[in-house]
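Side chains are part of it too, since the values below use all heavy atoms of this structure and drop only hydrogens, waters and symmetry mates.
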Amino acid sequence: MNKQVYPANQLRVFINTINDLSAELLLQEAIDDYNRKLYLEKIEASLIEKDEEKFMTYTSKLKEMDNEDAAKE
């Protein structure tokens, strides 16, 4: 059962897919920016509190994010 797809429908599907991908990329970028700022705040707080464990945890998370970003490029 082959369903015939018309060019206008193909174009509409293509545009919807592009829009979905764009929205997903923007959302992921916003989440990454939020997490980066949060980790920096947590690192600063751990320095003030002199909490080495928290410092190591959040610096590791920040490094992981940076490594993922470098791998994408």
To the nearest 0.5 Å, tell me how far [X] [atom1] sits from [Y] [atom2].
{"X": "Tyr39", "Y": "Lys63", "atom1": "OH", "atom2": "NZ", "value": "14.5 Å"}
{"X": "Ser60", "Y": "Ile43", "atom1": "OG", "atom2": "CD1", "value": "9.0 Å"}
{"X": "Leu25", "Y": "Gln28", "atom1": "CG", "atom2": "CD", "value": "8.5 Å"}
{"X": "Leu47", "Y": "Glu52", "atom1": "CG", "atom2": "CD", "value": "10.5 Å"}
{"X": "Met56", "Y": "Asp51", "atom1": "CE", "atom2": "CG", "value": "11.5 Å"}
{"X": "Met65", "Y": "Ile31", "atom1": "CE", "atom2": "CD1", "value": "10.0 Å"}

Are the side chains of [Y] and [X] in contact, using a 4.5 Å heavy-atom criterion?
{"X": "Lys42", "Y": "Lys54", "answer": "no"}
{"X": "Asn35", "Y": "Lys61", "answer": "no"}
{"X": "Tyr58", "Y": "Leu62", "answer": "no"}
{"X": "Asp33", "Y": "Glu29", "answer": "yes"}

- Task: Determine the minimum heavy-atom distance between Arg12 and Asn9, stating which atoms define it.
- Result: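 Minimum heavy-atom contact is NH1-OD1, 3.0 Å.
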- Distance-minimising heavy-atom pair for Arg36 and Asp66: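 Of all heavy-atom pairs spanning Arg36 and Asp66, the closest is NH2-OD1, 3.0 Å.
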